[in-house]
Student: 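Right, I'll just put the structure down here and ask away after.
Protein chains get the first letters and strands the later ones, always in sequence-line order, with residue 1 at the start of each. Heavy atoms only: backbone and side chains are in, while hydrogens, waters and symmetry mates are out.
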Amino acid sequence: MRAFAHLLDRLSFTPGRNAKLVLLTDYLAHVPDPERGWAMASLTGDLSLDAAKPAMIRKAVEARVDPQLFSLSYDFVGDLAETVALIWDPKPGANAEPQLPEVVDTLRAASRREVPQLLERWLDALDADGRWALLKLLSGGLRVGVSARLAKQALAQLGNVPLADIEDLWHGQTPPYEDLFAWLSGRGEKPSADAPARFRPVMLAQALDAPGDFSKLNAAEYAAEWKWDGIRVQAVNEGGEKRLYSRTGDDIGKSFPDVLEALNFEGVLDGELLVLQTGSIASFGDLQQRLNRKTTDAALMRKFPVGIRAYDLLLEGDQDLRRLPFTDRRQRLEAFIARLNNPRIDLSPLQSFESWEELTALRAHPPEGDAQKAEGLMLKRRDSIYEAGRPKGPWFKWKRDPHLVDAVLMYAQRGHGKRSGFYSDYTFGVWRDEKDGSRSLTPVGKAYFGFTDEELTRLDKFVRDNTVERFGPVRSVRADQDFGLVLEIAFEGLLRSARHKSGVAMRFPRVHRIRWDKPSREADELVTLEKILDKELAGRGPKPETPL
Amino acid sequence: MPFPWSRSALKFSDLLRPAEAGLYCPPGDFYIDPVTPVARAVITHGHGDHARSGHGTVLATAETLAIMATRYGADFAATQEAAPYGAPVMRDGVSVTLRPAGHILGSAQCALTWKGMSIVVSGDYKRRRDPTCRQFEQVACDVFVSEATFGLPVFRHPPDNEEVEKLLISLRQFPERTHLVGAYALGKAQRLIVLLREAGYGETIYVHGAMTNLNALYESFGVALGPLASGTSDSGDKLPGKIVIAPPSAIADRWARRFADPLPVFASGWMRVRARARQRGIELPLILSDHGDWEELTTTISGIRPQELWVTHGNEDALLRWAQLNGIEAKALKLVGYEDEEA
Ligand SMILES: [Zn+2]
Ligand SMILES: [Zn+2]
């Protein structure tokens with residue numbers, strides 16, 4: 001437990017992805033089976049204990065600590081699990097520190113009534129970091145900023161094997177993955193990836209930013225289709241086992257029983273999950289109604305019928321098509337969808353084009369109908385095999401142009417890593433008319449990239465020279481009608497947000513240009529954003545940060 | 001109290017009481033750690049909030065006087081009087097004895113006795129071993145005056161060697177990054193250096209210019225720090241994989257940019273609380289404090305079992321509650337001007 005606790009502790013304070021990878025790989029290299037396997041499972045989400053609710057934890061600590069001392073401490077620390085971990089006065093001569101595998105095994109065998117006693121016993125035996133890790137583990141959700149993909153990358157690095165290999169066989173493995181570790185440390189055979197209706201790692205596209213990016217590419221070698229604005233899914237039916245996966249491999253079938261039921265085929269489809277009303281797409285907002293719900297009621301399912309628009313065919317029957325070129329897979333996909341004749345599954349049509357100019361025009365002016373709600377275009381090299389991950393070259397995603405807005409810099413915060421010491425995170429706002437007729441700035445977003453190192457140095461100086469107030473690592477800078485720095489912000493879309501005073505939240509904002517020349521009073525107004533939002537809701541819909 | 005009848009005649013506050021400039025001793029006519037210039041002062045230790053310049057006479061340990069001279073110049077007070085630990089000095093009938101406080105080099109508790117009453121002002125203190133200063137001595141007394149910087153039961157500092165080990169492990173994991181350690185320039189920095197040496201770290205440690213004089217002073221009192229070099233020089237060496245120790249304010253400053261992908265580390269008791277570390281953007285918090293934790297505070301008070309506990313500064317509410325639960329009469333003096341940034 002000690003090594004695991006230290007790992008979680010370090011991860012929780014480490015912002016950099018590469019640094020996290022170093023910590024994970026180092027842990028995996030130094031910790032034996034089965035602990036490292038259980039640690040991996042807890043980080044990838046394959047292990048969810050969810051055994052202790054906050055009320056149980058509170059009860060345990062209240063039996064041990066004077067309530068007044070506890071509440072003074074809780075006020076100071078601000079987090080229940082952390083307060084308990086720190087304030088817990090271990091019993092001298094308590095048991096040996098439990099190891100992670102012991103905790104997992106015991107909890108899995110324990111009844112709910114036994115959990116409080118186990119909890120108390122373990123808290124007595126662990127040190128503060130260990131108690132914190134235990135409480136996080138038992139309350140479900142480690143939240144140390146490690147994605148499943150990052151964890152798998154650490155595995156790949158540990159065994160010096162391609163990430164695609166790990167992705168490929170991951171879903172056939174169960175924790176604590178002893179076969180997998182045996183293979184990665186050269187002690188065993190490569191484990192088999194076979195599992196019925198398992199997830200096949202998804203192929204992703206590289207982003208294409210400017211038309212210049214493909215000046216070197218030959219238009220004839222690529223096929224184009226719209227990138228629909230829903231949720232990328234993989235629909236599986238193998239021998240009657242039906243599954244619906246998100247692109248990260250989460251099983252999302254429970255939220256969409258109507259789709260699951262409609263999978264009247266044998267094979268694996270790659271497509272976009274959308275609300276389909278008589279063959280045309282509804283906004284993403286409608287799809288959101290169906291997301292993140294534990295149960296689905298029939299009325300909701302009728303109101304927002306969901307279907308799949310298919311991009312690709314990975315398996316037809318039991319035949320794996322992933323090594324075939326895109327053109328061949330596409331032919332088979334078209335025939336496959338036609339045969340299905342399923343109102344919930346249709347085909348994402350290819351867009352024919354002769355030149356990049358023609359495609360550029362199509363992207364700028366999509367035809368009436370569904371195309372206007374697309375996120376952009378996908379370019380797929382006709383000879384590309386279906387490869388897990390985000391390989392460089394075969395597929396591109398060419399989004400529609402971002403929105404631009406002129407905003408005023410309001411707050412700046414110091415960055416991390418290479419940027420520590422620089423004010424590199426910027427909160428910006430737009431003008432809003434107040435009831436008394438005055439205008440004030442309201443924050444609408446935060447951006448921390450889009451500028452060069454030289455620009456950063458200049459921005460940093462601006463922040464330091466124009467600081468009005470400091471709160472910890474944050475500074476507020478002078479921003480009023482007569483003075484302020486205008487940032488041209490590019491962003492992908494807007495969401496309604498009750499958490500933001502302005503009522504809107506931006507998707508993927510970044511600094512597009514720094515308008516040293518522009519007077520602050522000429523920056524945009526909130527009304528401009530509201531208009532964009534109205535349009536978004538009508539057509540091109542925004543996406544939540546994490547679909548499901 | 002040897003004589004029952006003296007109780008009615010004399011109160012503890014006749015010997016020591018809070019006043020505007022700090023704790024004042026009327027019969028001896030001196031202040032302890034006054035925050036504004038006074039005629040006669042006793043100084044417990046060299047931290048800026050306790051030791052200020054401009055007093056008439058200063059009574060302190062030789063080490064504390066040397067620290068004050070280094071910080072403020074040799075003329076920091078009109079007269080200086082060095083008192084060795086354990087040797088009583090008389091001040092108009094009040095006996096003043098300095099006892100080791102275990103906080104930093106030269107730190108002392110100030111034990112007063114007068115007419116059968118005894119009061120110990122502990123200043124800042126800790127009980128655990130510190131290779132850079134004399135170990136804390138528990139002194140019996142009627143009134144114990146304690147700080148309460150970490151006066152909450154959530155503060156239990158882990159063993160020092162575990163914290164130092166974290167730094168050494170990180171150096172192995174990130175050999176390409178400069179480990180930029182924020183540590184208070186007086187006391188914490190030198191203690192961390194010695195703890196690193198004890199853990200077997202023999203390499204050159206780079207230090208911020210603000211620490212050079214204090215390091216030299218520690219060495220002159222026999223605290224060996226091993227190979228040190230300036231981390232402030234403009235040699236252009238980005239010092240990957242090296243330890244650079246700097247005052248806490250410097251590690252998030254422009255100054256930090258000269259190093260190789262600096263990994264911000266902070267050595268402080270406050271690092272026990274995650275939000276505190278996060279607020280400062282610390283990637284590697286080291287829980288290392290020169291102040292006693294909850295355990296040390298309560299152990300000391302239980303050990304002395306004074307008739308009264310007076311709490312000077314810090315998180316006094318919880319300590320007062322603890323005293324109440326343990327049947328010890330206690331009050332908060334609410335002294336102002338003590339910040340304990342060095343905690
Ligand atoms: Zn101090
Ligand atoms: Zn202090």
Student: Could you tell me which of A/Asp129, A/Asp79, A/Thr25 has the largest number of non-hydrogen atom pairs under 4.5 Å with chain B?
Tutor: A/Asp129
Student: Flag yes if more than 12 heavy atoms outside A/Lys59 fall under 6.0 Å of its NZ atom; otherwise flag no.
Tutor: no
Student: Looking at A/Arg470, I'd like to know if its CZ atom is crowded, meaning that more than 12 non-hydrogen atoms belonging to other residues, nucleotides or ligands lie closer than 6.0 Å.
Tutor: no
Student: Using 0.5 Å steps for rounding, measure from the CH2 atom of B/Trp294 to the CD1 atom of A/Ile87.
Tutor: 8.5 Å
Student: Is A/Asp127 salt-bridged to B/Arg156, going by a charged N under 4.0 Å from an acidic O?
Tutor: no
Student: Counting only non-hydrogen atoms closer than 4.5 Å, does B/Phe259 touch chain A with its backbone (N, CA, C, O), its side chain (CB onward), both, or neither?
Tutor: neither
Student: Is A/Ala85 close to chain B through its backbone or its side chain, or both, or neither, when contacts mean heavy atoms under 4.5 Å?
Tutor: neither
Student: Is there a side-chain contact between A/Arg2 and B/Glu162 (heavy atoms, below 4.5 Å)?
Tutor: yes
Student: To the nearest 0.5 Å, what is the distance between CG on B/Leu152 and CZ on A/Phe70?
Tutor: 12.0 Å
Student: Please report the shortest heavy-atom distance between A/Leu69 and B/Pro153, naming the atom on each side.
Tutor: CB-CG, 4.1 Å
Student: Is B/Pro285 close to chain A through its backbone or its side chain, or both, or neither, when contacts mean heavy atoms under 4.5 Å?
Tutor: side chain
Student: Within a reach of under 6.0 Å around CG of A/Asp465, are more than 12 heavy atoms found that belong to other residues, nucleotides or ligands?
Tutor: yes
Student: State the CZ-CZ distance between A/Arg414 and B/Arg280, to the nearest 0.5 angstrom.
Tutor: 9.0 Å
Student: Just how far is it from atom CG of A/Asp26 to atom CZ of B/Phe174, taken to the nearest 0.5 Å?
Tutor: 8.0 Å
Student: Can you name the ring pair (Phe, Tyr, Trp, His ring centres under 6.0 Å) partners of B/Phe266, sequence neighbours left out?
Tutor: none
Student: Using a cut-off of under 4.5 Å on heavy-atom pairs, state which of B/Leu263, B/Ile169, B/Val273 scores highest against chain A.
Tutor: B/Val273
Student: Is it true that atom CZ of A/Phe462 has more than 12 heavy atoms of other residues, nucleotides or ligands lying nearer than 6.0 Å?
Tutor: yes
Student: From B/Lys166 NZ over to A/Arg10 CZ, what is the distance, rounded to the nearest 0.5 angstrom?
Tutor: 9.0 Å
Student: Taking side chain as C-beta onward, heavy atoms only, is A/Tyr27 less than 4.5 Å from B/Gln173?
Tutor: no
Student: Taking the side chain as everything from C-beta on, heavy atoms only, tell me whether A/Leu72 gets closer than 4.5 Å to B/Asn315.
Tutor: no
Student: Atom CD of A/Gln68 and atom CG of B/Leu320: how far apart are they, to the nearest 0.5 Å?
Tutor: 10.0 Å
Student: Heavy-atom cut-off 4.5 Å, strictly under: side chain, backbone, both or neither for A/Asp460 against chain B?
Tutor: side chain
Student: Hey, mind stepping through A/Phe471 and B/Gln279 against side chain to side chain contact (heavy atoms under 4.5 Å, CB included) and telling me if it holds?
Tutor: CA-CA 10 Å; A/Phe471 338 81; B/Gln279 265 163 19; over 6 Å; no
